[in-house]
Amino acid sequence: MASILLLHGPNLNLLGRREPEIYGTSTLADYVNVVRTIAEGRGWTVHDRQSNHEGDLIDAIHSARGRHDVIIINAGALTHYSWSIHDALGAFEGPVIEVHISNPHAREPFRRSSVVAPKAMCTIAGLGLRGYEIAARVATTRSSE
Ligand code: CA2
């Protein structure tokens, strides 16, 4: 069965509980459920992991090799500076989809660059739950469709 690794980085465990004016009221579980519902409805499995630790995320990306077909990643603030995550994603053989809840380009200048983006087939940002829905559809759609 085809499989998605859905990764969330630092502080995203706080979704729905802090800063609702920026990130809304949906929880991390809501985001995971959107991806899971769409993917499982199309016969895919989803393995999800959130960590506040860069090394945990890198280990998860390494272990995706040969086990998962697609990585969907919201690396949180690590998006903007973790060259280690950039390198780890480069060693993954399948497509990487970068997602963000907010639109980082409309925020502080330090959020305008992503070290994940050069390793991703696409970036979906600023659409909240809808962006995750699109990411799940893209992940589970064969390139010929
Ligand atoms: O918009 C996104 O999805 C971000 O990846 C979220 C990151 C931010 O650093 C990126 O620039 C854009 C931050 C996640 C922090 O999440 C919180 C949620 C609730 C309360 C506090 C932080």
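Every number for a ligand or one of its atoms is a count from 1 in the order of the listing. Position 1 is the first residue of the sequence, and the numbers go up from there.
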Less than 3.5 Å between some nitrogen or oxygen of [X] and one of ligand 1, yes or no?
{"X": "L15", "value": "no"}
{"X": "S102", "value": "yes"}
{"X": "H80", "value": "yes"}
{"X": "R111", "value": "yes"}
{"X": "H100", "value": "yes"}
{"X": "N74", "value": "yes"}

We want to know whether [X] and [Y] form a side-chain donor-acceptor pair, criterion being a heavy-atom distance below 3.5 angstrom.
{"X": "R42", "Y": "T141", "result": "yes"}
{"X": "R67", "Y": "S3", "result": "no"}
{"X": "Q50", "Y": "N52", "result": "yes"}
{"X": "T79", "Y": "E98", "result": "no"}

Return the residue, atom name and 0.1 Å-rounded distance of the protein heavy atom closest to [atom].
{"atom": "atom 19 (C) of ligand 1", "answer": "R18 O, 3.3 Å"}
{"atom": "atom 21 (C) of ligand 1", "answer": "E19 OE2, 3.5 Å"}
{"atom": "atom 13 (C) of ligand 1", "answer": "Y23 OH, 3.3 Å"}

Single-linkage hydrophobic cluster I71~L12, side-chain heavy atoms < 4.5 angstrom: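 No, I71 does not connect to L12 through the hydrophobic network.
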Aromatic ring centroids of H8 and Y132 under 6.0 Å?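 When the ring centroids of H8 and Y132 are compared, they turn out to be within the sub-6.0 Å range.
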Closest to atom 3 (O) of ligand 1 (judged by heavy-atom distance), picking from I101, N11, L12: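 Closest candidate by heavy-atom distance is I101.
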With heavy atoms of L14 as the reference, note each atom of ligand 1 found under 4.0 Å away.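 Contacts of ligand 1 toward L14, numbered from 1: 19 (C), 20 (C).
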Answer yes when D87 and K119 have at least one side-chain N-carboxylate O distance shorter than 4.0 Å, and no when they do not.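 Between K119 and D87 there is no salt bridge, as every charged N stays at least 4.0 Å from the carboxylate O atoms.
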On the 0 to 90° scale, with breaks at 30° and 60°, tag the H80-H100 ring pair as parallel, tilted or perpendicular.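 Rings of H80 and H100: parallel, under 30°.
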